[in-house]
Amino acid sequence: METKEIGVQVYSVRNELEQDFSGTLKKLSEIGFTNIEAYGLSLDGKMYGMAPAVYKAEVEKYGMNLVASHSTYFTVDEAPAMIEAAKEAGLNYLVIPYLSDELRGDYDAIAENLNQVGAMFKEAGISFGYHNHDFELIPLEDGRIPLEILIEGTDPENVEFELDLYWVVKAGADPASIIEKYQGRFSAFHVKDADANLNQTTVGSGIVDFQSILKNGDKAGMKYYFVEDERTDDPFANLQAAYSYLLKLEY
């Protein structure tokens with residue numbers, strides 16, 4: 001069987017991490033995941049409430065790599081502390097995953113902040129990116145699409161994007177078309193599936209065409225992909241099924 005570096009966004013097992021952080025990481029390694037994407041890097045420099053180096057050590061204890069993390073939204077003034085935390089964690093990639101309601105609106109200003117922050121991260125040798133949900137694909141009153149504003153308003157050298165395939169489909173958009181239009185901008189994917197009603201479902205059982213998307217990984221600029229399944233019912237079984245599906249998939 002071909003060896004694949006299949007990653008997982010550990011938000012998929014958020015409840016289990018609360019109960020048994022180390023044991024949950026162990027179970028992810030036993031499934032076969034090699035790359036971990038964390039969440040919860042906050043402005044105090046802590047990752048999930050702990051020193052980034054401690055988090056990194058726990059991941060590596062089970063033979064996995066802590067390659068990326070989601071963080072809270074932050075500005076240029078707050079970036080130096082986030083860079084130091086990312087360095088301590090040994091991250092290759094830091095991602096802002098969400099804009100709260102009060103931040104949405106002036107996407108040109110958001111793009112400018114991302115661009116400036118990204119330039120600082122580039123200087124530090126760490127990739128910086130933004131992760132979409134569905135709202136960034138809903139046209140504004142002026143007809144512009146927020147995700148396009150963010151992509152077109154940022155320098156590819158400074159800002160990369162993590163394309164969440166579920167949320168793209170949920171918004172009624174086509175991942176392949178977005179990748180074609182903005183080639184090279186998507187250094188990571190969230191591999192997350194949708195059923196016919198556009199609810200989340202087990203990866204490989206829904207309507208997202210992962211095979212063709214992952215086959216176009218080079219065109220997208222993909223360096224990593226992370227399974228994510230936000231459903232809380234039997235998450236390890238969901239992740240095991242996703243891993244098995246991706247391991248057998250030809251791309």
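Numbers here are sequence positions counted from 1.
Distance check: K4 NZ to L214 CG gives 8.5 Å after rounding to the nearest 0.5 Å. From L28, atom CG reaches atom CE of M64 across 5.5 Å, with rounding to the nearest 0.5 Å. The structure places CD1 of I31 at 8.5 Å from OG of S244, a figure rounded to the nearest 0.5 Å. Once rounded to the nearest 0.5 Å, the distance linking NZ of K192 with OG of S12 reads 8.0 Å. Atom CD of E58 is separated from atom OH of Y48 by 12.5 Å, given to the nearest 0.5 angstrom. Atom CG of L25 sits about 8.5 Å away from atom NZ of K61, to the nearest 0.5 Å.
L66 and A89 get closest at one heavy-atom pair: CD2-O, 3.8 Å. Across all non-hydrogen atoms, the minimal contact from T201 to G206 is CG2-CA, 3.8 Å. Nearest heavy-atom pair, G45 versus A85, reported as atom, atom and distance to 0.1 Å: O-CB, 3.7 Å. Heavy atoms only, all atoms of each residue included: N113 and F74 are closest at ND2-O, 3.0 Å. When all heavy atoms of V10 and A38 are compared, the closest pair comes out as CG2-CA, 3.9 Å. Here the shortest heavy-atom pairing between G204 and D193 reads N-OD2, 2.9 Å.
Neither I110 nor I138 shares a network with the other; the hydrophobic side chains, linked directly or stepwise wherever heavy atoms of I, L, V, M, F, W or Y lie under 4.5 Å apart, form separate groups for each. Hydrophobic clustering (ILVMFWY, side-chain heavy atoms < 4.5 Å, transitive): V67 and L41 are in distinct clusters. Both L94 and Y225 belong to a single network of hydrophobic side chains, linked directly or stepwise wherever heavy atoms of I, L, V, M, F, W or Y lie under 4.5 Å apart. Put simply, V191 and I213 are part of the same group of oily side chains (I, L, V, M, F, W, Y) that touch within less than 4.5 Å, one to the next.
Counted within 6.0 Å of CG on D106, heavy atoms from surrounding residues, nucleotides or ligands total more than 12; the atom is thus considered enclosed. Other residues, nucleotides and ligands contribute more than 12 heavy atoms inside 6.0 Å of the CG atom of N15.
Side-chain contact between E18 and T24 is absent, with no heavy-atom pair separated by less than 4.5 Å. Between E160 and K223 the shortest side-chain heavy-atom distance falls below 4.5 Å. When side chains are defined from C-beta on, M82 does not count as touching V117, because their heavy atoms never get closer than 4.5 Å. For the pair Q116 and N158, the minimum side-chain heavy-atom distance is 4.5 Å or more. With contacts defined as side-chain heavy-atom distances shorter than 4.5 Å, the pair I179/F189 qualifies. Side-chain contact between L147 and Y182 is absent, with no heavy-atom pair separated by less than 4.5 Å. Inter-residue side-chain proximity for P146 and L140 is flagged as met; some heavy-atom pair is nearer than 4.5 Å. In this structure, the side chains of P235 and D229 stay at 4.5 Å or more apart for every pair of heavy atoms.
Between the E136 side chain and the H133 main chain, a donor and an acceptor come within less than 3.5 Å of each other. Remark: the backbone N or O of K219 is not paired with any side-chain donor or acceptor of Q183 at under 3.5 angstrom. Under a 3.5 Å cut-off, the side chain of N115 and the backbone N or O of D155 do form a donor-acceptor pair. N65 places no side-chain N or O within donor-acceptor distance of the main-chain N or O of N35, the cut-off being under 3.5 Å. In terms of modelled atom types and a separation under 3.5 Å, the side chain of Q211 and the main chain of E250 share a donor-acceptor contact. Using modelled atom types, no side-chain atom of E162 and backbone atom of V95 make a donor-acceptor pair closer than 3.5 Å. In this structure, the side chain of D195 engages the main chain of N197 through a donor-acceptor pair within 3.5 Å. Listed for the Y130 side chain is no donor-acceptor partner under 3.5 Å among the backbone atoms of L114. Judged by distance alone, the side chain of R14 and the main-chain N or O of T232 form no donor-acceptor pair under 3.5 Å. With hydrogens and angles ignored, the 3.5 Å screen pairs a side-chain donor or acceptor of N238 with a backbone N or O of D233.
In this view, K26 and E30 satisfy the salt bridge (Lys or Arg N to Asp or Glu O under 4.0 Å) rule, not counting sequence neighbours. Legend: residues meeting side chain to side chain donor-acceptor pair (under 3.5 Å) with Y245, ordered by chain and number and at least two apart, are absent.
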Pair Y107-L99, side-chain contact (heavy atoms from CB on, under 4.5 Å): steps then yes or no: CA-CA 10 Å; Y107 287 96; L99 297 175; 3.7 Å; yes
Full working for side-chain contact (heavy atoms from CB on, under 4.5 Å) between I207 and L198: CA-CA 9 Å; I207 63 173; L198 301 184; 3.9 Å; yes
Show, in sequence, the C-alpha distance, side-chain angles and deciding distance for L103 and Y98, and conclude whether the side-chain contact (heavy atoms from CB on, under 4.5 Å) test is met. CA-CA 9 Å; L103 287 171; Y98 189 70; over 6 Å; no
Chi angles and distances behind the side-chain contact (heavy atoms from CB on, under 4.5 Å) call for D164, K170: CA-CA 10 Å; D164 188 300; K170 176 81 169 176; over 6 Å; no
F33 vs F226, test: ring pair (Phe, Tyr, Trp, His ring centres under 6.0 Å). Steps then yes/no. CA-CA 9 Å; F33 291 110; F226 304 100; 9.9 Å; no
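Classification of the Y93-Y224 ring pair by plane angle, with boundaries at 30° and 60°, yields parallel.
Residues T34 and E5 have side chains that never bring a donor and an acceptor to within less than 3.5 angstrom of each other. Residues H70 and H131 bring no donor and acceptor atom of their side chains to less than 3.5 Å of each other. Donor-acceptor pairing under 3.5 Å is recorded for the side chains of S42 and D44. A donor-acceptor pair shorter than 3.5 Å can be found between the side chains of T202 and R231. Side-chain atoms of E180 and S177 include no donor-acceptor pair closer than 3.5 Å.
Alongside Y166, the hydrophobic cluster contains W167 (criterion: ILVMFWY side chains under 4.5 Å).
Checked for salt-bridge contact, D108 and R144 meet the test: a charged N lies under 4.0 Å from a carboxylate O. For the pair K27 and E16, the salt-bridge criterion is not met [side-chain N within less than 4.0 Å of a carboxylate O].
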